[in-house]
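Atom set for the values below is all heavy atoms of this structure, side chains included, hydrogens, waters and symmetry mates excluded. Proteins come first, then strands; the chains are lettered A, B, ... in the order of their sequence lines, and each starts at number 1.
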Amino acid sequence: MTRKIVIPQEEAEARLLQAGETVLLSGMIYTARDAAHRRMQEALQSGQELPIPIKGQAIYYTGPGPASPGRIIGAAGPTTSGRMDVYTPPLLAKGLRIMIGKGMRSPEVVESMKKYGAVYLAAIGGAGALLAERILDAEVVAYPELGPEAILRLWVEDFPAIVVIDCDGNNWYEIGRAKYRR
Amino acid sequence: MRKLTAAQVEDTVARLCIEANYQLHPEVQQALADSLQREEAPLGREILRRIQENIILAPKTGIPLCQDTGQTVVFIELGQEAQIVEGDLTEAINAGVRRGYQRGYLRCSMVEGLYTRQNTGDNTPAIIHYEIVPGDQLKLVVVPKGAGSENMSALRMLNPSDGIEGIQQFVVEVVDRAGANPCPPVVVGVGIGGTMEKAALLAKKALLRPLNQPNSEREIATLEKAILDQINNLGIGPQGLGGRVSALAVLIETFPTHMACLPVAVNLNCHCARHKEAVL
């Protein structure tokens, strides 16, 4: 059955999630992709605070389109997560609990996820309209100059996703695929 | 000489940019519907159903199919008896992209400056391929091409001795390695022959062919089918989460090449395989 989860998440809650299960997310999530990650890395390296609270939070790898009149946000599907891999372990060390994106992660990211208790979820790539409909509010909270790469705070309700890598490092891209490979 | 104005070109490009990003081609929709019949994985089936839901929602809600509205690739076939007047053709195409992306509320993704990677703010410049053809018409095809699938594309200069088997192996290897990243089920465009850039362009052009239309040469059509079957046995499945449907189609385009060459380019497209065309 589809599990409903609320963000922010405690480590103990996140550890219950298992690779391969479908979930519906509700609560607050932050968007960040390539340029925002680079900025956050620069902030950490120069001893500055991150522009968003990160402990127990979720980052959604997306660069939404502009909102048309009367809409909260444009299309808002996931981007390829692997490009964020090099920036991710320090964020996990700071308590990042959930990452939402699509595509494979590096062994280094998976190791950090196991160490700090984080999960990686996939949203359906190319379902930008469907996912935008589950976003109730959106506000730019950091790096507005980055345009579509700015960090937004989104309120989501029943946002559909699939647990791909759980806190134990089980990886559904590998498990699911092995079942049907011949 | 038949005269066409730059303004006509601009208007058409703007319209095609918007249509391509909101309405998926009926033949792609059909291929997705057919694939649902073949998918065995429960999760894969659920994903395919949500993808179909998205296709219905986009035009109804006024939200594009995907936030990655791509680099705008434009194929131009200009009849040699047609003349563009009252403006510059390239300028007109870029003006059309600028207008289409603004009026269509489409995300602008183009960045410039090797060191700065600044967003150009209007999704220009378009990637334009010109061809001069017989006749007095102008054909325009607009292809919004997302980065998820473009980044997983590849080209290899094979040896002629690698043969058909080598080609087959390389194409399957590219899709296998791409896994979940290019938003499967993917469309696989393959260009074989010519020089390096010719093969790459053929692969991109192959993506424009209707998914249910095999190559007109029987042997090549057989190869397309063989590669598709092999890909669908990789287990990748919808979104890479396991299943039978990893690709919707394999489309091969060929060209003569040097006796010492066998270039093979593989251009992947996501399930949201967008393109729209018009003839002026």
Item to check | Interface moiety of L43(B) toward chain A, non-hydrogen atoms closer than 4.5 Å | outcome: side chain
Checklist entry - Is chain B contacted by the side chain of T22(A), its backbone, both, or neither, given a heavy-atom distance below 4.5 Å? => result side chain
Item to check | Which portion of P160(A) sits near chain B, non-hydrogen atoms under 4.5 angstrom | outcome: side chain
Next on the checklist: Quick check on the interface: out of C272(B), P64(B), G121(B), who has the most heavy-atom pairs with chain A under 4.5 Å?
Outcome noted: P64(B)
Item to check | Side-chain donor/acceptor of R244(B) to backbone N/O of N232(B), under 3.5 Å | outcome: no
Checklist entry - Hey, which of L106(B), N151(B), V111(B) has the most heavy atom pairs under 4.5 Å with chain A? => result L106(B)
Next on the checklist: Under 4.5 Å from any heavy atom of chain A, what part of A147(B) do you find: side chain, backbone, both or neither?
Outcome noted: neither
Checklist entry - For chain B, which residues of residues 64-72 of chain A have at least one non-hydrogen atom nearer than 4.5 Å to it? => result P64(A), G65(A), P66(A), A67(A), S68(A), P69(A), R71(A)
Checklist entry - Any idea which of T69(B), N119(B), L65(B), I51(B) has the most non-hydrogen atom pairs under 4.5 angstrom with chain A? => result L65(B)
Next on the checklist: Out of G128(A), P148(A), A132(A), return the one with the most heavy atom pairs under 4.5 angstrom to chain B.
Outcome noted: G128(A)
Next on the checklist: For Q118(B), which atoms come within 4.5 Å of any heavy atom of chain A: side chain, backbone, both, or neither?
Outcome noted: neither
Next on the checklist: Could you check whether any side-chain N or O of S26(A) sits under 3.5 Å from a backbone N or O of D158(A), counting only pairs where one atom can act as donor and the other as acceptor?
Outcome noted: yes
